[in-house]
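Since the structure comes first, as structure tokens, the remarks are kept for the end.
Every number for a ligand or one of its atoms is a count from 1 in the order of the listing. What you are looking at is a predicted structure, and each value in this text was computed from that prediction instead of being measured.
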Amino acid sequence: MTSQTLREARKYEEACEKLIKKEDRPAFHLSARTGWMNDPNGFSYYNGAYHMFYQYYPYDSVWGPMHWGHAVSTDLLHWEYLPAALAPDEFYDRDGCFSGSAMTLPDGRQMLMYTGVVRERQKNGGILEVQTQCLAVGNGLDYEKYEKNPVLDEKDLPESASRFDFRDPKIWQKEDGTYCCVVGNRPADGSGQILLFTSTNGFHWKFKKVLSANNNRFGLMWECPDFFEMDGKWVLLTSPQDMMPQGFEYHNGNGTLCLIGDLDQGTDTFTEECNQSVDYGIDFYAPQTILTPDHRRIMIGWMQNWDTCNLRVTERPLWFGQMSLPRELHIKHGKLYQWPVKELDAMRSGRVEYKNVTVSDPVRLDQVNGRMIDMELSLRPKDNERMYRKFSVRLAQNEEFYTSLSFRPDESILKIDRKFSGSRRAIIHQRRSLVDCKGGELKLRIILDRFSIEVFVNDGEKTLSATIYTAQEADGISFLADGMVCMDVVKYDLRGDRA
Ligand code: FRU
């Protein structure tokens, strides 16, 4: 039975979506159908299509009582909106249906596991949110909340684990059929931990153990965990709040942490070996991954930073919030590598190629422009005896605006800077990233989609993502260097509409 709250949201989003022109949205990144979007939720492959749900407040372009928006795609790039899947309409989730995940039950139905939120008045008069884990089961369009919700609450928590920070279940099924889920939580030390729960049927859950403890190393509370095996390692992704920068890592306040290690499957003991940021730009948070039918591990994150949500087209746009590109993940040399999904190649058209272009004074190249593009640059010093000092590419450029990427080979630092992208806000606009570079050689793959830039460095060794809200007329690209750079360029247009 669809509740009144959900019916209203569905009616409202359908009407509002019509007010938004296609050209005013990203072409191949999922954006809020209308109103506000944050985390990806329930990313899954179900009945022949990819499903993406998302944290959603349809009625305004700011965060509000959370619903789950819903979209489907066959290529992870062209998304079709479906009616909102969940609304805060039960006693156990009346203040929000927070993040969660999805999986297919043996009987073919799809199950969503999410966090139900209820605000509770405290003795001191303040209000805190009680968080529990809940289920909804459906057919890919309509979902019925489980009559025995919540399925995990404070009774299931280990000692001194907070019932106010207990959210974002990510569920998966082991080969032996057991269901597992990891949930973000806050222990007594005030930082974060990831709890592991197991179930034999997906409906009755038991606490298993603390899979990983922050111990105040990386930020405080750990949100939106994901845990999977890949390339012979185990990977824990989580998005810590309130991180402190360490060298060139963890500059985003709230950002995404990748812990790579091993799992003893007999005791569910996760041993960390190394840690890194997932994205080295400004806007990336709360990613979820899936394993595709052809066994690729694909990740999509919310392409936004909580601290810079006031960078937007207008103060009250009709939509706010977009997802990152779907990225195929691998572990190489003990590090997380990311690359745009191969489905993006099918969108390429209008190939333009230049070889051995000398860059020093600013140059523009014929047909190298656009705001929906896929461009690969390979750089090296023009003269091996004389290292260049700095290379820059300016994108989304006109007389007034640009966003730049600049690289200094002596420091091996790549910088993204959107301060001249049209922003009127005093917020973070640049980020520096240490990249692996020898002899001034660097490879960049740059994807633009109207309101964003994503950069994949050296075959995916690092990524930098940022939203930009520059007027679309600013579609120029120019190259310049302090010193002499020799550059190859391959550039394609990315067509939003299916051919
Ligand atoms: C992360 C997050 C989640 C929570 C959701 C609420 O961005 O804070 O922990 O479930 O957003 O919208």
Side-chain angles (χ1 to χ4, degrees), residues 9 32 35-43 52-70 84-88 92-102 112-119 128-136 150 152 161-171 181-186 191-195 214 218-227 236-243 252-257 278-279 282-289 299-309 320-324 465 467:
W36 165 275
M37 160 195 277
N38 58 288
D39 315 351
N41 292 160
F43 186 21
M52 180 58 95
F53 303 80
Y54 53 92
Q55 288 287 279
Y56 183 36
Y57 182 57
Y59 303 108
D60 203 346
S61 58
V62 292
W63 193 89
M66 281 291 116
H67 297 56
W68 276 34
H70 190 187
L86 301 177
Y92 50 78
D93 65 13
R94 63 168 180 253
D95 294 309
C97 299
F98 276 18
S99 286
S101 51
L112 311 179
M113 190 174 197
Y114 68 98
T115 301
V117 174
V118 176
R119 289 154 64 89
L128 288 175
E129 291 175 345
V130 178
Q131 305 187 332
T132 60
Q133 313 319 317
C134 305
L135 302 175
L152 284 172
S162 167
R163 65 192 178 100
F164 304 117
D165 284 298
F166 176 40
R167 57 181 175 271
D168 312 333
K170 173 75 201 254
I171 187 170
C181 83
V182 278
V183 187
N185 181 242
R186 195 187 283 268
S191 71
Q193 63 184 1
I194 303 301
L195 306 179
N214 182 3
F218 306 103
L220 301 174
M221 167 68 186
W222 281 2
E223 299 188 309
C224 302
D226 195 347
F227 188 56
L236 177 63
L237 299 179
T238 183
S239 295
Q241 295 180 310
D242 311 305
M243 284 198 283
N252 273 340
N254 298 356
T256 305
L257 166 72
V278 170
D279 194 279
I282 304 168
D283 296 300
F284 192 88
Y285 198 65
Q288 279 196 352
T289 70
M299 173 180 75
I300 294 185
W302 180 42
M303 191 160 41
Q304 185 59 50
N305 184 315
W306 276 110
D307 291 336
T308 61
C309 289
F320 181 80
Q322 44 182 324
M323 296 301 172
S324 73
S465 311
T467 60

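Asn185 and Gln193 share a side-chain donor-acceptor pair at under 3.5 Å. Side-chain contact of Thr238 with Glu223: a donor-acceptor pair under 3.5 Å is absent, judged by distance alone.
The residue from Val117, Asn254, Asp39 that puts a heavy atom closest to atom 7 (O) of ligand 1 is Asp39.
For ligand 1, the polar-atom distance check against Tyr285 finds no nitrogen or oxygen pair separated by under 3.5 Å. Ligand 1 has a nitrogen or oxygen under 3.5 angstrom from a nitrogen or oxygen of Asn38. Note: an N/O pair closer than 3.5 Å links Ser99 and ligand 1 by distance alone.
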Open item on the list: With side-chain hydrogen bond (donor to acceptor under 3.5 Å, both in side chains) as the criterion, how do Asn41 and Ser99 come out once you've worked through the C-alpha distance, each side chain's angles and the decisive distance to 0.1 Å?
Closed with: CA-CA 6 Å; Asn41 292 160; Ser99 286; 2.9 Å; yes

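At the shortest separation from atom 12 (O) of ligand 1 among protein heavy atoms lies Gln55 OE1, 2.7 Å. Protein heavy atom nearest atom 10 (O) of ligand 1, with residue, atom name and distance: Asp168 OD1, 2.5 Å. Scanning the protein heavy atoms around atom 8 (O) of ligand 1, the nearest turns out to be Glu223 OE2, 2.8 Å.
Between Trp68 and Phe53, the ring-plane angle classifies as tilted under the 30° and 60° cut-offs. Using a 30° and 60° split on the angle between ring planes, His67 and Tyr57 fall in the tilted class, from 30° to 60°.
Trp63 has its ring centre less than 6.0 Å from the ring centre of Phe98.
Rounding to the nearest 0.5 Å gives a distance of 3.5 Å between CZ of Phe320 and CD of Gln304.
Taking a 4.0 Å cut-off on heavy atoms, Trp306 registers as neighbouring ligand 1. Ligand 1 lies out of reach of Thr115, whose nearest heavy atom is not under 4.0 Å from it.
Each of the atoms 6 (C), 12 (O) of ligand 1 lies under 4.0 Å from some heavy atom of Trp63. Proximity to Met66 (heavy-atom distance under 4.0 Å) selects the following atoms of ligand 1: 12 (O).
The pair Asp168-Lys170 does not meet the salt-bridge criterion, since no charged nitrogen lies less than 4.0 angstrom from a carboxylate oxygen.
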